[in-house]
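Because the structure is a prediction, the values reported are computed rather than measured.
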Amino acid sequence: MAVVTQLTSGTLPIAGQGSVFGQFSAIMGIKEFYGGCDIFITGGTGFMGKVLIEKLLRSCPGIRNIYVLMRHRKDKSITVRVKDILALPLFDKIKAEHPGVAEKKIIPVLGDLGEIRMGLSDDDYNMLARNISIVFHVAATVRFDEPIRDAIIKNVRGTREVVELAAQMKNLVVFLHVSTTYCNCNRVYVDEKVYESPISWQDAILIAENLDPKLSETLTTKFLGSFPNTYTFTKLLAEQIISEKSARSNHDNSNNMPMVIFRPSIVISSIAEPVLGWIDNVNGPVGLMLACGKGITHVMLAHKDSIPDFMPVDVSIKAMIVAAYHRGTHNLSSDNPLTVYNSSSVKKSITNNQIMQFAVKYFLLHPFDEILWRPKVFITASKRIFYYLTIIQQVLPAMLIDFVQKSTGKPQKIGFVKLQRKIYLVTMALASFTLQSWTFKNTNFLNLITHIPDDEKDDFDFKFDDNIMSIQDFFRGRNVLVTGATGFMGKVLIEKLVRSCPDIGKIFLLMRHKKGKDTASRIKEILDVKLFDTIKEQKPGLMEEKLKAVLGDMTELRLGLSDKDYDFLVENVSVVFHVAASVRFDEPIRDATIMNVRGTREVVQLAKQMKHLKVLLHVSTAYCNCIRETVEEKVYESPIGWREAISIAENLDPTMTSILTKKFLGSYPNTYTLTKLLAEQIINEERNNMPVVIFRPSIVISSVNDPIKGWIDNFNGPIGLMMACGKGIVRVTYADKSIIPDYMAVDISIKSMIVAAWHRSTLNCLEENDVIPVYNSASVSKSVSNEELLDLGMRTLERYPFDEMLWRPSIKFTNCFYYYYIATVFEQVLPAIFFDALLDLIGRPHKRLLPLQQKIYVITMALSYFTTKSWKFENSKFLGLIDKIPEVDRKEFDYSFKDIDIAEFMENATVGSQKYLFNFDESNLPFAKKLYNRFLWMDRILKTLRATIFVYVLFYFNIIPRTFLPDKFCCF
């Protein structure tokens with residue numbers, strides 16, 4: 001049943017009026033919704049307007065009539081203009097499938113959007129108010145250099161006039177206003193909502209109506225403010241009209257107007273409907289490609305790695321039709337009466353460089369029959385270079401060609417110098433868009449797909465992102481900034497990025513200056529680590545080529561970067577991995593806050609200015625919420641605001657820091673966990689302003705096998721304890737042996753980190769009610785208890801002992817502090833004093849053991865909070881990422897760890913620690929085993945002797961009555 005018929009019979013409430021309205025979304029299909037309707041379209045003679053008309057008539061043949069607002073043109077009436085439109089190849093398909101339908105149902109209406117009441121006659125105005133039930137307001141002036149007065153009259157006042165007409169329509173079911181995603185181009189992140197404008201639309205119209213046309217150009221720049229052109233500015237003002245009318249009508253059902261704002265990005269050629277590659281203008285990338293193919297353009301002003309957002313016209317039109325249908329069949333809440341759709345295609349977009357290189361290759365294979373020069377293009381982001389190259393490569397040749405043609409008397413349609421001037425002006429007008437990138441949230445837009453009835457998907461399904469960009473493709477040519485690259489995880493991250501994504505751009509490493517070492521020396525020092533041997537063998541010189549050091553300091557404002565480096569990163573980096581942090585548990589609160597909290601703020605401020613930012617991944621820790629027994633994958637509140645924490649740290653007397661640390665911490669065990677929680681607050685606050693993700697690894701330990709087995713470069717976590725046990729230095733530890741700590745292999749964590757960054761970039765928006773993506777990189781199902789873990793390590797150390805040790809490896813667990821303290825004194829401290837004295841006596845140089853024991857004691861007590869408690873880390877989102885890895889990337893990035901054998905892993909971790917931390921020579925293994933056996937027997941003899949002495953004392957002092965002894969034991 002047609003919408004109009006149902007309206008007449010009173011069975012279908014107008015959107016916003018009826019309580020049973022929602023049921024029609026499940027009953028009425030799209031074709032049925034449009035059936036019998038009279039539709040009014042502005043901008044029907046434009047690119048999108050023509051495709052909209054064709055699609056409506058071809059896929060919804062039950063439509064009654066489409067009224068199209070048209071102006072007369074010189075020597076062409078509106079009737080003739082309709083015939084011209086229908087003569088286009090665009091309409092060939094509908095003419096073949098439905099002969100005569102288009103000619104019959106397209107009714108031109110004489111009018112002008114620049115006039116009051118759209119220049120409509122009273123009869124036409126009343127006829128539209130009486131008959132129309134659906135409005136598509138597509139018309140707009142899209143000229144970037146339109147004087148502000150003309151742009152306001154057409155785009156703002158024109159919208160007001162269309163809305164006022166729609167308000168008179170008694171049968172109105174839906175009003176769809178076509179805006180643009182770039183109407184908020186003064187924001188890097190654009191949500192699907194209406195933003196405030198710097199001036200009210202009423203004031204703008206008043207100024208335009210009373211502005212002297214001669215002053216229009218003079219005042220345009222002042223009027224625009226931060227907006228690059230009159231088009232984007234006036235389209236934002238037009239949205240205010242729609243927003244206000246929608247909100248007002250929602251509270252006044254007698255004047256109800258169900259409205260939708262539809263924002264396409266850069267609309268380009270069709271994918272398939274109704275013909276492949278149809279377009280009727282040279283705007284956007286198509287114009288640049290054609291100019292390149294003709295040899296007219298050789299230089300382009302753009303950032304070559306910037307990714308513009310393109311939307312095929314047929315995809316956008318299908319979505320527009322579905323959006324109007326969905327609004328017309330659904331009642332929205334009073335709190336959110338207006339739906340905004342960002343018709344964005346970031347997932348399928350490519351860089352400026354890829355576009356133009358494709359154009360060059362294409363036109364070399366399929367050249368025009370008339371060209372000025374061989375197709376080629378040079379892309380630069382420098383306006384100065386662009387200017388000089390334009391003069392040399394385009395203007396001077398154009399002057400020569402004009403001179404030759406004029407001299408030979410060859411007729412010219414347009415002078416080439418004049419054409420080059422026009423191209424230059426257009427390029428400069430586009431510079432604001434070609435030199436930066438935006439992130440358009442498109443959740444509402446993509447959700448529209450789910451509202452298409454199954455039996456109509458062939459006609460209206462506009463999904464075109466099934467083949468999501470692979471991880472390797474995402475990083476191809478992309479520049480990355482990594483903080484903390486000299487740390488454990490940082491090294492593994494940069495190695496993995498370069499080895500698995502060899503076409504990645506440059507990886508910039510934030511590094512501090514060290515005495516006697518410049519940044520180049522520090523990079524060489526990093527690459528000398530065994531971790532990089534695999535990539536050196538597979539791809540010699542690649543690491544050196546990709547890594548670039550940037551001198552800076554996380555503890556300084558602006559990260560201690562020079563202005564030149566800061567600006568360079570802003571212009572060139574699109575992915576940020578913020579890994580750096582102070583991980584010392586005993587760090588004074590002032591220093592920890594400056595490094596972990598203020599440092600994160602500085603990274604965020606840098607990233608926010610990056611013109612091509614695709615994702616900022618912040619590495620936190622699963623233990624930043626250690627005051628909770630169960631930690632979900634979400635951001636929790638902090639006990640103090642991060643701004644207040646920074647302010648206190650910046651103004652705190654360093655001499656007071658130790659005194660105030662405990663008071664500042666509250667229930668948190670150390671400064672590391674608290675400051676990492678505060679850092680998360682900074683990232684969370686920016687979730688709607690930039691593409692961010694929080695990644696929380698648990699206790700990161702040795703690698704499984706990528707790129708090598710058991711690699712590690714520090715003594716943190718269980719590895720340090722096992723090594724100390726293996727050396728015979730530690731024999732007792734303060735921990736609950738039944739506790740199951742959570743460990744994560746570093747290569748698994750790094751793979752998942754890269755996947756998380758890639759996945760966030762493909763989302764193009766936040767999910768789940770604007771909740772920031774948080775991933776707990778935890779391995780709960782594969783973890784083992786403290787006792788089992790150390791037992792596995794001890795078994796390995798029996799087979800692979802050290803060639804230098806103080807005693808046979810063994811370990812005792814206790815969660816009783818007093819027992820731990822006494823045992824430490826007798827089994828570790830006193831032996832350390834003895835060995836130090838003995839080695840001093842014989843004059844043998846050595847590292848003193850007593851200070852080492854003191855350090856071990858301090859570390860053990862700092863860790864006791866974690867070794868005597870257990871947590872449950874929810875990791876469903878973390879595990880869910882595995883399913884999102886594209887098939888082509890599974891070999892390099894699949895981080896599933898369910899099949900890992902714990903015993904084998906711990907053996908590799910123990911052996912790897914000996915190899916990479918102590919440079920253990922495997923050829924010494926036979927000697928090491930002999931030494932181990934020697935200490936084993938010494939340990940057994942000592943234990944036997946100790947037990948004998950103990951029993952002797954018991955009998956000697958008659959603690960155990962001697963009557964229990966046989967007669968022959970007469971020594972008592």
Side-chain angles (χ1 to χ4, degrees), residues 487-489 492 583-585 621-623 626 669-670 672-673 697-704 709-749 777-802 809-815 820 824 828 852 855-871 873 897 900-918 920:
F488 178 39
M489 295 187 74
V492 182
V583 298
R584 282 181 52 193
F585 285 5
T621 170
Y623 291 93
C626 58
N670 51 59
Y672 171 64
T673 53
S698 55
I699 304 169
V700 184
I701 56 175
S702 314
S703 60
V704 177
K709 294 179 180 179
W711 187 80
I712 195 168
D713 74 346
N714 63 79
F715 294 97
N716 300 332
I719 299 301
L721 181 58
M722 281 192 286
M723 293 301 99
C725 291
K727 284 281 189 177
I729 296 171
V730 171
R731 306 182 64 76
V732 61
T733 187
Y734 188 28
D736 188 330
K737 64 182 179 181
S738 63
I739 288 298
I740 300 177
D742 196 291
Y743 301 118
M744 178 57 70
V746 65
D747 49 341
I748 290 176
S749 206
S777 177
S779 61
V780 176
S781 61
K782 299 298 290 188
S783 291
V784 294
S785 68
N786 282 324
E787 184 178 34
E788 292 172 307
L789 188 72
L790 266 296
D791 184 55
L792 289 170
M794 292 302 101
R795 289 183 202 170
T796 302
L797 287 168
E798 287 178 12
R799 297 193 300 276
Y800 303 96
F802 282 99
S810 67
I811 188 72
K812 294 176 188 173
F813 285 95
T814 179
N815 55 4
Y820 167 72
T824 298
Q828 293 178 193
L852 178 60
K855 187 175 181 181
I856 289 171
Y857 176 80
V858 170
I859 292 172
T860 301
M861 295 312 299
L863 287 170
S864 62
Y865 182 89
F866 303 94
T867 57
T868 57
K869 293 183 180 182
S870 61
W871 289 264
F873 299 112
F897 51 90
I900 291 177
D901 183 278
I902 296 296
E904 182 184 351
F905 170 71
M906 289 311 302
E907 179 175 310
N908 291 332
T910 306
V911 172
S913 301
Q914 291 176 317
K915 183 177 180 180
Y916 303 117
L917 296 178
F918 293 95
F920 180 74

#### Entry: salt bridge (charged side-chain N to carboxylate O under 4.0 Å, His left out) against Lys812, all qualifying residues, sequence neighbours excluded
Glu827

### Message
Please find the pair of heavy atoms, one from Thr796 and one from Val911, that lie closest to each other, and give the distance.
### Response
CG2-CG2, 4.1 Å

#### Entry: Distance (rounded to the nearest 0.5 Å) between Ile902 CD1 and Phe897 CZ
9.5 Å

### Task
Compare every heavy atom of Pro741 with every heavy atom of Tyr743, then report the nearest pair and how far apart it is.
OH-CG, 3.2 Å

### Query
Roughly how far, to the nearest 0.5 Å, is OG1 of Thr867 from CD1 of Ile739?
9.0 Å

#### Entry: Between CE on residue Met906 and CD1 on residue Ile701, distance to nearest 0.5 Å
5.5 Å

### Query
Does any non-hydrogen side-chain atom of Phe802 lie less than 4.5 Å from one of Pro809?
no

### Heavy-atom closest contact (Ser702 atom, Ala909 atom, distance)
OG-CB, 3.7 Å

#### Entry: Shortest non-hydrogen separation from Gln828 to Arg731 and the atoms involved
OE1-N, 2.7 Å

### Query
Roughly how far, to the nearest 0.5 Å, is the CD1 atom of Ile811 from the NZ atom of Lys737?
12.5 Å

### Task
Give a yes or no answer on whether the side chain of Asp747 reaches the backbone of Val704 with a donor-acceptor pair at less than 3.5 Å.
yes

### Derivation and outcome, side-chain contact (heavy atoms from CB on, under 4.5 Å), residues Tyr820 and Val732
CA-CA 7 Å; Tyr820 167 72; Val732 61; 4.1 Å; yes

#### Entry: Minimum heavy-atom distance Leu789-Met722, with the two atoms named
O-SD, 4.3 Å

### Message
Among Tyr672, Phe873, Phe585, which residue satisfies the ring-ring contact (aromatic ring centres under 6.0 Å, His included) criterion with Tyr623?
### Response
Phe873

#### Entry: Heavy-atom closest pair, residues Asn786 and Ala735
ND2-CB, 4.2 Å

